[in-house]
Amino acid sequence: MRQILNALKRSDWVGQKYVNAVLRYVFMMLFAFLLFGIILLISGKDPIQSYKDIFSSTLGSAYGLSEVIVTMTPLLVTALAVALPSRIILINIGVEGQLYMGACFATWGALAFGHLPAWILLPMMILLGMAGGSLWAFIPGYLRAMGIVNETITTLLLNSVAPMIVSFFVFGFWHSPMDTNKTAIFSPSARLPTLFNTRIDLSLVFALVLLTLFWLVMKYTRWGLEMRAIGGNPQAARRNGIPVKLYLISIMCIGGAIAGLAGMAQVSGFYGVLLANFSRGIGFMGFLISWLAGGSPLGILLTSFVISIIIRGGNLLQLTIDLPYAVINVLLAFTLFVVLARPNFLTQRKEA
Amino acid sequence: MLTPPLSSKTPPMISMREISKSFPGVVANDHIDFDIFRSEIHVLLGENGAGKSTLMKILYGFYRADSGRILLDGKPAAIQSPNDARALQIGMVFQDFTLIPAFSVAENIALFLPDLDTVVDLEAVSLWIEEMSARYGLRVNPDAMVYELSIGEQQKVEILKLILSNSRLLILDEPTRVLAPHEVDALFQILYSMRQDGYAIILITHKIKEVLECADRITVLRNGCVAGSLLRSNASEDKLVEMMFGRKLSGLKTGKKVIREETALPVLELQNVHTHGEGAETNLEEIDLKVYPGEIVGIAGVSGNGQRELGDVVLGMIECVKGTKHLFGKDVTNSSIQKLRRSLVGFIPENPLTMAAAPFMTVLENMAVTKTWHYALQGGLTMDWKAIKADVENTMERLGFSFSLNIPARSLSGGNLQRMIIVRELTHDPRLIIASYLTRGLDVQSTLAARQALIQARDDGAGVLLISEDLEELFMLSDRLIVLYGGRIVGSFTPDETNYYEVGHLMTGSEVQYASNS
Ligand SMILES: Nc1ncnc2c1ncn2[C@@H]1O[C@H](COP(=O)(O)OP(=O)(O)OP(=O)(O)O)[C@@H](O)[C@H]1O
Ligand SMILES: [Mg+2]
């Protein structure tokens, strides 16, 4: 406690920044939980008991924990797909669309080359997924770099197009004989291996590696330095000879590729088929998480974990106490709300 | 000019006592005592990083002192925030302005007024602005948009803002830094009439000439401490310089004015360059310009006549819509900025904070960004921070500049930021240096050092394009002088062929015909 107070007192701005960030998280979560408790009360449920249920069903058992991690994995990746471009002030709302395109490309690989062994097929599907996502991100990235139209609006628009393309292929060509809205189940060689006898699959490793890479790149490499320079002052970065346009396009594409990877992992790992509307907003959730976490890798890990607990716990409450799923969305919305309001009484006096 | 008698016998309006403030690694203010009297212009003087802005920000409630007291008419005053300060009739104009460009003058001022009604009566505000501006000669059009105003006019708006919000003490942090000489005179006239009306004014400036012209009382800070406080009548240039730096300064060694060989390949050659500006930018037209190695070409002009665009078009920040650009004889008309930078072009822009620095990155990181390819190790996986530091420290030593490298750039004092950019841009022996307003915000000593460094670079064979409004500087340093007016070159001389008067006229466009054929 003493140390925390001392740390608080230090006017070292870096230290202060981290302390503030942590305090902000804690505060935000408490506030959101409090609001949610009130909602539970209003809908006639016992908030204390509900919270107990949530925690025991998620953190209380190995199985519960593994399911939280299953939920968390795609969120880590989609959040990264937002966080990376955000470092050079690109607002990638298009992760949802890029994810669909990634899934679509990867599925083509799985269906067309299902007979190939996993060690060829999986890398191929990964590459296809990343290509699909980055293709979808290239369009907004290019338009933005040329100064034609802002990426916020294009990524948002492309989001509604991508699921239609997926539906077109699924309904038109790929659907299995039994269903109209999903493909046949992938051959085993097209499935990402699972870990520890749970539903956790290899994409968790991808996610953690990518997050670590992101951190290392930003902190140590030349490209990280250049990206921070662009994010810190784009105009100055241009005058200082940093190829800003090139960065805008390539970082957007890399962000898209990461989102595409998340899509590939969903169909190849989690589902094993391509469902016409499989995502249910994973991309948007990634956007939310990246913002909550201020784009920091550790923050993304923490926030995704907490959000996954909320989602899993919500699913459970839905089953046990018959709570409508919408209420869980209310909790998530509260969290977003509190974050966007950015309670700045903690940071306000940072000058003093 | 009527100087009212110094009211030293009357008690001070505000006394700061034993004010201390440290930032990580520096003591910015160390037990400072500072008195401000009514009807007085009090100049705060001191080298870059001495703690002037910090002290004033404490008085304005923007920073909180670690210790010390502020007394208002002898009674303790608690100033915790700029709001408190304003309530006590203290107003401040920061080094960087805080006006909203997309709003009109009247709107900007209305926003600042303490008792703003919910329904803003802009008419009334405008009337009030006109009344006050007539009284103090602060003529501005209340309906003009702020982005249309020149820097000098924006300054007037800032001052008007303070007057209309009832400030009786005005803190002006380097107001003359960005002003042309005639604007400085106008500003001083305003300050004199305000002094007559009982306002107290604190003025920070680095120009000794200005200090001696307008000050009633002068306080000199050195390394965060008060080096001394004296009345104008006891001050002289030498005395002030000695108080600021603890020693006398030697003059500028202008070195040999080499007669350039006409046959040499120009470092930079612009042929019939045209640009197409957007918004408030000026269009450059028919720019023909050569800069030879070992030559300083001065660009004279009132700001807003294409200076910024000229620097930017040479760098490649804006494109030539017509004409060509050659660097060492190679066509670089459409080359990227990156490529130019790699061909050793140094660029010191007119505003270091917005045009050259990433404010939240450390000074050292800012030093590396123009040369990332040079310092990359293992193909870019890491950066050679040791080498960067060594190179930077080397240049700092050569120039006699010192500032910390591990704090974010935005924590540097105004002058130190300018020093940072100068150090960065001169570190790798550039072959072409584009320097705009080189000495903006620098103290006397740093000004000297920066100019000396430019001369040194020239003597080592670099070509220099020196953009400035300061004729004295241009005449002192330039081997050739070019006048820019309305985006065109309206005159081209060697300094001994011409004089301040002629160039001044050309700069303001009053003798365009005369020179357009040169
Ligand atoms: N927010 C801050 N964080 C850390 N250090 C700071 C901060 N603000 C000022 N400093 C340091 O305090 C010292 C005094 O700065 P200050 O801005 O008061 O100088 P100044 O006298 O106004 O100089 P200049 O003439 O260059 O404007 C400098 O060393 C500066 O780096
Ligand atoms: Mg200052």
Side-chain angles (χ1 to χ4, degrees), chain A residues 6-7 9-18 20-21 87-89 145-147 212-250 294-296 344-345 347-352, chain B residues 21-25 57-58 61-66 80-81 311-312 315-317 336-342 345 347 349 351-362 365-366 368-373 375-385 406-411 421 424-425:
Chain A
N6 279 343
K9 265 199 198 149
R10 265 169 52 204
S11 49
D12 179 306
W13 74 282
V14 184
Q16 189 115 28
K17 209 174 75 177
Y18 286 123
N20 279 337
R87 290 299 175 92
I88 55 170
I89 332 184
M146 293 302 130
T212 318
L213 264 180
F214 175 50
W215 181 73
L216 288 173
V217 166
M218 290 313 293
K219 195 165 159 65
Y220 293 107
T221 68
R222 169 184 169 186
W223 311 291
L225 180 70
E226 296 189 343
M227 283 172 65
R228 283 186 288 139
I230 297 173
N233 185 346
Q235 206 204 99
R238 264 191 76 193
R239 284 201 177 81
N240 289 338
I242 295 171
V244 176
K245 276 182 192 171
L246 187 65
Y247 267 101
L248 287 176
I249 297 176
S250 47
S296 95
N344 63 353
F345 61 87
T347 50
Q348 208 174 42
R349 287 227 129 246
K350 63 173 176 254
E351 297 289 351
Chain B
K21 170 84 186 166
S22 3
F23 294 107
K57 285 179 186 166
I58 290 171
F62 194 77
Y63 288 157
R64 233 181 296 176
D66 298 338
Q80 308 278 358
S81 71
D312 275 350
L315 187 68
M317 187 76 181
S336 67
I337 299 178
Q338 200 187 13
K339 185 156 173 227
L340 258 81
R341 284 283 195 174
R342 281 195 187 218
V345 176
F347 187 78
N351 186 337
L353 196 59
T354 60
M355 292 167 73
F360 288 93
M361 279 165 60
T362 67
E365 287 172 335
N366 267 292
V369 293
T370 50
K371 281 280 187 302
T372 46
W373 45 274
Y375 292 114
L377 293 180
Q378 289 132 21
L381 287 180
T382 51
M383 298 289 294
D384 192 350
W385 293 108
N406 294 318
I407 58 173
R410 64 158 199 155
S411 320
I421 301 299
R424 181 177 80 189
E425 300 300 328

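Sequence lines set the chain letters: A, B, ... in the order given, protein chains first and strands last, and positions in each chain run from 1.
Here the closest non-hydrogen pair linking A:Q235 and B:M355 is OE1-CG, 3.4 Å. The shortest non-hydrogen separation linking B:A358 to A:A229 is CB-O, 4.3 Å.
Proximity to chain A (any heavy atom under 4.5 Å) is shown, for B:S336, by neither the backbone nor the side chain. When heavy atoms are compared at a cutoff of 4.5 Å, B:D312 approaches chain A solely by way of its side chain, counted from C-beta outward. Contacts of B:L353 with chain A are made by backbone atoms alone, with heavy-atom separations under 4.5 Å and no side-chain atom involved. Only the side chain of A:E226 comes within contact range of chain B, judged by heavy atoms closer than 4.5 Å. Residue contact with chain A, scored on non-hydrogen atoms closer than 4.5 Å, involves the backbone and the side chain of B:L381 alike.
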*Please walk me through it: do A:R228 and B:V369 pass side-chain contact (heavy atoms from CB on, under 4.5 Å)?*
CA-CA 10 Å; A:R228 283 186 288 139; B:V369 293; over 6 Å; no
Item to complete: Please assess B:M361 against A:N233 for the test side-chain contact (heavy atoms from CB on, under 4.5 Å), listing each intermediate value before the final yes or no.
Response: CA-CA 10 Å; B:M361 279 165 60; A:N233 185 346; over 6 Å; no
*Could you go step by step and tell me if B:W373 and A:R222 meet the side-chain contact (heavy atoms from CB on, under 4.5 Å) rule?*
CA-CA 8 Å; B:W373 45 274; A:R222 169 184 169 186; 3.7 Å; yes
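The choice from B:V345, B:N366, B:I337 that makes the most heavy-atom pairs within less than 4.5 Å of chain A is B:I337. Among A:T221, A:I242, A:V217, the residue with the largest count of heavy-atom pairs under 4.5 Å with chain B is A:T221. Contacts with chain A were tallied for B:R342, B:K371, B:R424; B:R424 has the most, counting heavy-atom pairs under 4.5 Å. Counting heavy-atom pairs closer than 4.5 Å to chain A, the top-ranked of the candidates B:L315, B:I58, B:T370, B:T372 is B:T372. Comparing B:P359, B:A368, B:A357 by how many heavy-atom pairs each has under 4.5 Å with chain A, the most go to B:A357.
The structure places NZ of A:K219 at 14.0 Å from CE of B:M383, a figure rounded to the nearest 0.5 Å.
With hydrogens and angles disregarded, a donor-acceptor distance shorter than 3.5 Å links the side chain of A:R238 to the backbone of B:M317.
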